[in-house]
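On a predicted model such as this, the values are computed, not experimentally measured, just so you know. All residue numbers in this chain count up from 1 along the given sequence.
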Amino acid sequence: MLYAFLATLLSLSTVPYALGLTFGFPYGSQKVRGVNLGGWLVLEATGVSLISLLGQPWITPSLFDNTGDSRIVDEWTFGQYQNHGTALSTLTNHWNTWITESDFAAIAAAGLNHVRLPIGYWAFDVSAGEPYVQGQLPYLQKAVTWAASHGLKLIVDLHGAPGSQNGFDNSGQKKSFPEWQTSQSNIDRTNAIIKTLASMFKDMTGSVPIIAPLNEPAGFDGNDILSVTKQYWYDSYGNIRYPYGSSQQSNTVVMIHDAFQPLSYWDGFMSSPSWQGVILDTHIYQMFSVAENQMSNSQHIQTACSKGSGLASASLWVVVGEWTPAATDCAKYLNGRGVGSRYDGSYAGSTRVGSCTGLTGKASSFSSSYKTFLRQYWEAQVTTFEKGQGWIQWTWKAEDADEWSYQAGLANGWIPNNPTNLQYPNICG
C-alpha cells in the first residue's frame, strides 16, 4: 500500500533529511492566526458540528432567495434547477465581488497571517450528469496572487468531494447519507484532484504552504467512512509530499481533518519522524444542539477554555480551522434554507430559549452587553486555541450575520485590530 511504502521510505531517510523540509511558515514555533473565506468559491454557510449544520446558504442568502425556487438549497441544486447561463452569470458576479484584493489587504492589516480558502471538486472535474457550474479556478489563482502580495499564507481546502463526504450542503450536495466512501471512482477522482493541487503549488509554498485534502469527512457515521478516510489521508500525504514523480519531496504541509473524532483518536497517527509536516484540523462550534443553545454566556466561555489541555497535548500540530464568536444558531438559514433555529424554538423538536432579535443580523442591532460577550468569547477561544498551533475563524464576511463575521467584528469592536491585543487575557484563568 502507498502509505506503507512511504513509511518505509521515510524510515530509511536520516532524521536530519526528513527534518530538512522547509515549510512556508514556521509551524510549531509561531501561531496560526487566520480567517476563512467562506461562501466565495463554494456556496456555503459555516463549518459543521457533529450534531449537524446542514444549511449552507446563510453567508449569502440573497443568492438563494433571488432564484425564487425553494428547491435550491446547495450548489448542486443551484445548477440543477436553473438555466445554466443564468446560474453562471449569477455566480460569476458573485465570484467577482464577494472577495476582492481589498479583502486580502484588510485581513493582512488586521494582523492575521493565514487565509483558508474552500473550493469544491467540481472546480476541477464535472462528470456527465453533474449539474455544477464551473469557473472557480481563475479566482483561486487570484487568491494566490493576492495572498502573496499582502504577505498572507493561503490554505487550499478541498471542501467537497464526489458523492459528498458528509451529506452537508457545504460539500456541494445535501444528502441524507454521504456516499463518497462507497465508490472507488469517487475516491480516485478526489485523489486526482489532490495530485493536481499538489502539482500546481509544489514550488509555491511561500504563499500556499498548506493543502487540506478534504473538509469534514463524516467519521461519526462509523468505521466504513473512517477506514476510507484514514487510507485517503495516507494517500494524500504521498500525493502532496511527492508531486515531482521522483523521490524529491515538496515542502507543502498536509492538513488532515479529525473526521469529528476526539483528538485522542489520532494520537500516533502520521506522527513525526516517519511523517513530516502534518497538521490536524479540528472544528469547534457550540450551537448545533439544543443543549448548547441553552448554555449561558459564562458556560460558553468555560466550555471554550476547557479545550486547551487537549489541544496542547495532541501528538500532531493542531489548528482549530473553524470556530466562531457566535453562540447561537440564530443566523438566517444557518441550519438550512427554510429551517428554523433551536434558540428561538422554530427548529423542529427544539425547546425555545429566547428570541433571536438582537443576537443576529446587523451589528447596529446588538446591545453593548452582547458585544462585550462577543469580545470575551472571542478572546477565550483565541487564548485557548493558541495552546495548540492556532486558529482560523469562520468566517471573514456574511451578508446578514455579523456575529459570525471577522470583518464586522473588527468594525464594531468585539475583535481587536491586532489579535494579540487582548482586553481579557486572563479570561480562562
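The cationic atom of Lys174 (NZ for Lys, CZ for Arg) does not lie both less than 6.0 Å from the six-membered ring centre of Trp76 and within 45° of the ring axis.
Judged purely by atom type and a 3.5 angstrom limit, Thr372 uses its side chain to pair as donor or acceptor with the backbone of Ser368. A distance-only check finds no donor-acceptor pair linking the side chain of Gln173 to the backbone of Asp74 [under 3.5 Å]. Using modelled atom types, no side-chain atom of Arg116 and backbone atom of Val156 make a donor-acceptor pair closer than 3.5 Å. Formation of a donor-acceptor pair under 3.5 Å by the Asn166 side chain with backbone atoms of Ala218 is not found in this model. Using a distance-only test at 3.5 Å, with no hydrogens or angles considered, a donor-acceptor pair links the side chain of Lys31 to the main chain of Gly388. Using modelled atom types, one side-chain atom of Asn36 and one backbone atom of Ile392 make a donor-acceptor pair closer than 3.5 Å. In this structure, the side chain of Gln30 does not engage the main chain of Pro26 through any donor-acceptor pair within 3.5 Å. Remark: the backbone N or O of Thr22 is paired with a side-chain donor or acceptor of Asn251 at under 3.5 angstrom. Between the Thr324 side chain and the Trp404 main chain, no donor and acceptor come within less than 3.5 Å of each other.
Here Leu112 contributes atom CG and Tyr406 contributes atom OH; the two are 4.0 Å apart, rounded to the nearest 0.5 Å. Rounding to the nearest 0.5 angstrom, the gap separating the OG1 atom in Thr190 from the CG atom in Leu158 is 7.0 Å. Considering CD of Glu379 and CD1 of Ile415, their distance stands at 10.5 Å, rounded to 0.5 Å. Atom CG in Asn186 sits 11.5 Å away from atom OH in Tyr232 (nearest 0.5 Å). Atom-to-atom distance recorded for Leu37:CG and Thr395:OG1 is 7.0 Å, nearest 0.5 angstrom. Taken from CG in Asp203 to OG1 in Thr205, the straight-line distance is 8.0 Å, to the nearest 0.5 Å.
Aromatic rings from Trp180 and Tyr121 are positioned such that their centres are separated by 6.0 Å or more. Note: Trp323 and Tyr285 fail the aromatic proximity criterion, with ring centroids not under 6.0 Å apart. When ring centroids are compared, Tyr27 and His114 come within the 6.0 Å threshold. Ring-centre distance between His150 and Phe104: not below the 6.0 Å cut-off. Tyr132 and Trp122 have their aromatic ring centers within a separation under 6.0 angstrom.
Counting heavy atoms from C-beta outward, Asp103 and Gln407 have side chains that approach closer than 4.5 Å. Counting only heavy atoms from C-beta outward, the side chains of Glu101 and Lys142 never approach each other to under 4.5 Å. Using a 4.5 Å heavy-atom cutoff, the side chains of Asn297 and Tyr377 are not in contact. The shortest side-chain heavy-atom distance between Gln181 and Pro217 does not fall under the 4.5 Å cut-off. Annotation: side chain of His257 is not in contact with side chain of Leu214 (no heavy-atom distance under 4.5 Å). Taking 4.5 Å as the limit, every side-chain heavy atom of Phe201 sits out of range of all side-chain heavy atoms of Ser250. Two residues are said to be in side-chain contact when any heavy atoms from C-beta on lie closer than 4.5 Å; Arg342 and Glu292 fail this criterion. Two residues are said to be in side-chain contact when any heavy atoms from C-beta on lie closer than 4.5 Å; Gln136 and Trp40 fail this criterion.
Under the ring-ring contact (aromatic ring centres under 6.0 Å, His included) rule, Trp275 has a single partner from Phe269, Tyr234, Trp317, Trp266, which is Tyr234.
Shortest non-hydrogen contact noted between Thr383 and Pro425 is CG2-O, 4.4 Å. Smallest separation of non-hydrogen atoms from Gln294 and Val353: CG-CG2, 3.7 Å. Here the closest non-hydrogen pair linking Lys202 and Pro243 is CB-CG, 3.6 Å. Among all heavy-atom pairs drawn from Gln393 and Pro325, the shortest one is NE2-CD, 3.5 Å. For Thr100 against Ser102, the heavy-atom pair with the smallest separation is OG1-OG, 2.8 Å. Considering all non-hydrogen atoms of both residues, Pro178 and Ile225 come closest at CG-CD1, 4.2 Å.
Side chains of Asn293 and Thr328: no donor on one and acceptor on the other come within 3.5 Å. Side-chain atoms of Gln276 and Ser272 include a donor-acceptor pair closer than 3.5 Å.
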| request: Take Ser341 and Asp329 through the side-chain hydrogen bond (donor to acceptor under 3.5 Å, both in side chains) test and state the conclusion after the steps. | output: CA-CA 6 Å; Ser341 159; Asp329 66 344; 2.8 Å; yes
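For Glu399 and Lys332, the salt-bridge test fails: no basic side-chain N is under 4.0 Å from an acidic carboxylate O.
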